[in-house]
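Lettering follows sequence order; numbering is per chain, from 1. All figures in this text were calculated on a predicted structure; none of them were measured in a lab.
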Amino acid sequence: MKIGYPCVNEAMDCSAANTFRLASYSDERLITAVSANLACLRRMLEWNVSQGLLFFRMGSGIVPFGSHEINTFPWQTHFAAEFRAIGDYIKANDLRVSFHPDQFVVLNSPSPDIVRRSIQELVYQGSMQDLMGLDGTAKLQIHVGGLYGERELAISRFAQVHATLPEVVKARVVVENDDRLFSLRDCLHLHELTGVPILFDNFHHECLNHGEPMAEALRLAAGTWHPTADGVPMMDYSSQALGERKGKHTDDLVDDSFREFLTHLHGLDFDIMLEIKNKEASALRAVAILRERGLSAPAPNLPEPPLNLPPDPNAPAKAKRAPKKVVS
DNA sequence: GTGTGTCAAGCAGAG
DNA sequence: CTCTGCTTGACACAC
C-alpha cells in the first residue's frame with residue numbers, strides 16, 4: 001500500500017507546471033519550461049522518497065501544449081535522457097506514478113474532433129511514461145465522459161473508442177467513477193465491455209452509488225485490475241468538507257475518517273491517492289496512520305532533513321515559492 | 001512590485 | 001444565459 005498526492009508539493013520552492021500562453025509559443029519557451037518542469041519533478045520525487053511517499057500523480061502540464069498542433073518541437077528526443085533518468089529513479093525506488101488527463105479528455109464525445117484531440121492528449125501523456133521506461137502499471141486516469149442524455153449510448157460509445165486506442169495507451173487507461181454522472185456500477189458495466197480497470201474514488205462513491213457498501217465497492221473495483229499487467233489497484237481518497245457543498249473535498253485529512261475507511265479494506269491492497277487540498281501534508285499523516293496499523297513499510301532511514309520542511313522560522317513572512325530571480 | 005483578467009481544450013447543473 | 005467546478009494556478013499586462 002502506497003500513499004500519494006497529486007501534482008503539486010506545496011512545501012517546495014519549485015513547480016513542475018511552468019507554462020506560458022499559446023499566443024507566445026516558441027520552441028525556446030518550450031525548452032525552458034520543460035527543463036524546469038523535469039528538474040522540479042525530479043526534486044519532488046526525491047523528496048517523496050525521503051518521506052516514504054511512494055505514489056505520485058504527475059501533472060498534465062509537464063510539456064506545455066504537449067498535444068497541441070502548435071507544438072512541433074521534438075521534445076521526446078530532445079528530453080529523452082531526462083525522462084529516462086526520472087524513470088530509472090522511479091523504478092530504482094519502487095515508486096508508483098499516475099497521470100490524470102484533464103476534463104477536456106472525453107472519449108465518448110459525439111464530436112469526432114473532440115475524440116481525436118482527446119486521444120492525442122492520451123498519447124502525449126502516455127508517451128511521457130514510455131520515455132520514462134514505465135510499464136503498464138503506470139496509469140492514465142480518466143472519467144467516462146459526458147452523459148448526453150443517454151447513459152447506455154454514452155457508455156457504449158466509450159467502449160467503441162476504447163477499442164481503437166493505440167495499444168500503449170490502452171494498456172494504461174483506467175476509468176474513475178465520478179460523483180454525478182457515471183457510478184461504480186456504470187464503470188463495472190464499462191469494464192465488462194472493454195476490460196478497462198476501475199480506479200475507485202471512495203468520495204465519489206459516497207456521492208453517487210446504488211447502495212453498495214464501501215467494503216463491497218472496494219472489492220468490486222479491485223477485481224477489475226489484472227494483478228501483474230495493471231499492478232496494485234489505485235484509488236482516490238477524500239472525504240466531505242463539513243458544511244460545504246456536497247462533493248467538496250476537505251482541505252485537510254480527517255484522520256478519524258481515514259482510519260474508518262481503512263477498516264473497509266479487509267486486507268485488500270490499494271495504492272491511495274489523497275485528493276486533499278493541502279497535498280503532501282495530509283499524505284504524510286496518512287503514511288503515519290498506515291504505519292501505526294502495520295499497513296505500510298516502516299519509516300526509511302531519512303538520509304537528510306526534509307527539503308524546505310518545516311519552513312524556516314527566520315524566513316521572511318510567507319514565501320511559499322522562492323522569489324523569482326531578482327534582476328535588479 | 002502588486003493586482004487582476006484571462007488562459008487550448010468539455011460537460012452538466014445551479015442560479 | 002452565465003457561472004461554477006472539475007485532478008493542478010500561472011501568465012501577462014496595467015498600474
Side-chain angles (χ1 to χ4, degrees), chain A residues 4-10 12 14-26 29-30 32-33 36-37 40-41 44 55-71 97-122 124-125 139-151 154 157-158 174-182 199 201 203-204 207-208 234-238 241 244-249 272-280 282-283 316 318-321 323-328:
Chain A
Y5 61 95
C7 308
V8 173
N9 183 313
E10 296 189 322
M12 291 187 66
C14 70
S15 162
N18 289 282
T19 186
F20 50 88
R21 293 287 174 259
L22 178 60
S24 56
Y25 181 91
S26 71
R29 294 201 67 159
L30 184 79
T32 302
N37 290 341
C40 184
L41 183 58
M44 285 196 284
F55 189 21
F56 188 66
R57 179 186 296 165
M58 297 191 181
S60 300
I62 293 170
V63 180
F65 309 103
S67 67
H68 193 284
E69 60 188 14
I70 198 174
N71 184 349
V97 300
S98 66
F99 289 72
H100 194 339
D102 55 39
Q103 64 271 32
F104 309 109
V105 170
V106 183
L107 290 185
N108 74 347
S109 172
S111 157
D113 202 49
I114 291 170
V115 173
R116 183 184 59 78
R117 293 203 308 271
S118 296
I119 294 173
Q120 285 290 102
E121 179 71 13
L122 291 174
Y124 147 56
Q125 299 205 21
K139 292 302 188 187
L140 298 167
Q141 165 185 358
I142 59 175
H143 293 278
V144 179
L147 194 55
Y148 310 103
E150 292 185 84
R151 181 175 307 274
R157 205 163 45 232
F158 184 107
V174 298
V175 172
E176 175 188 356
N177 58 304
D178 68 68
D179 58 345
R180 295 182 306 147
L181 305 178
F182 294 100
L199 191 151
D201 185 311
F203 185 33
H204 291 168
C207 295
L208 178 66
M234 295 177 178
M235 66 164 289
D236 287 348
Y237 175 84
S238 185
E244 295 280 356
R245 166 186 66 78
K246 181 183 176 186
K248 168 82 171 168
H249 297 189
I272 302 179
M273 181 64 58
L274 295 184
E275 290 195 331
I276 295 178
K277 196 173 184 65
N278 67 356
K279 307 283 182 186
E280 78 285 352
S282 283
K318 112 116 197 114
K320 187 177 119 186
R321 302 276 181 237
K324 298 270 183 194
K325 216 167 199 119
V326 184
V327 205
S328 56

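Contact annotation: the side chain of Tyr148(A) approaches that of Arg157(A) to within less than 4.5 Å [non-hydrogen atoms, C-beta and beyond].
Side-chain rings of Phe20(A) and Phe65(A) approach one another, their centers coming within less than 6.0 Å. In this structure, the ring of Tyr5(A) has its center less than 6.0 angstrom from the ring center of Phe56(A). The ring of Phe182(A) has its center no closer than 6.0 angstrom to the ring center of His143(A).
The same atom, P, is picked in dT7(C) and in dC7(B); the two are 23 Å apart, to the nearest Å. Rounded to whole Å, the separation between the P atoms of dC1(C) and dA8(B) comes to 24 Å. For the C1' atoms, the distance linking dG5(C) with dG3(B) amounts to 24 Å, nearest Å. A distance of about 24 Å separates the C1' atoms of dT2(B) and dT8(C), rounded to the whole Å. Spacing of P atoms, dC11(B) relative to dA10(C), comes out at 27 Å, to the nearest Å. Between dG9(C) and dA12(B), the two C1' atoms lie 23 Å apart (nearest whole Å).
Asn37(A) and Asn18(A) share a side-chain donor-acceptor pair at under 3.5 Å.
No contact: Arg116(A) has no heavy atom under 4.0 Å from any strand. Using a 4.0 Å heavy-atom distance criterion, Lys279(A) is classed as a sugar-phosphate-only contact.
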Inset, instruction - Treat a base pair as Watson-Crick or G-U wobble with both distances under 3.5 Å, then lay out DNA chain C in dot-bracket form, 5' to 3', with | for cross-strand pairs. - result: ||||||..|||||||

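Spacing between atom CZ of Phe56(A) and atom P of dT7(C) amounts to 16 Å, rounded to whole angstrom units.
If Cys7(A) and Ser24(A) are placed on DNA chain C by their nearest nucleotide, the residue sitting closer to the 5' end is Cys7(A).
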Inset, instruction - Classify every nucleotide of nucleotides 8-15 of chain B by which part a protein heavy atom approaches to under 4.0 Å, writing B for the base, S for the sugar-phosphate alone and - for neither, in 5'-to-3' order. - result: BBBSBS--

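A side-chain contact (heavy atoms from CB on, under 4.5 Å) with Ile142(A) holds for exactly one of Val105(A), Val174(A), Val106(A); it is Val105(A).
In this structure, Lys277(A) places its NZ atom where only 12 or fewer heavy-atom neighbours from other residues, nucleotides or ligands lie under 6.0 Å away.
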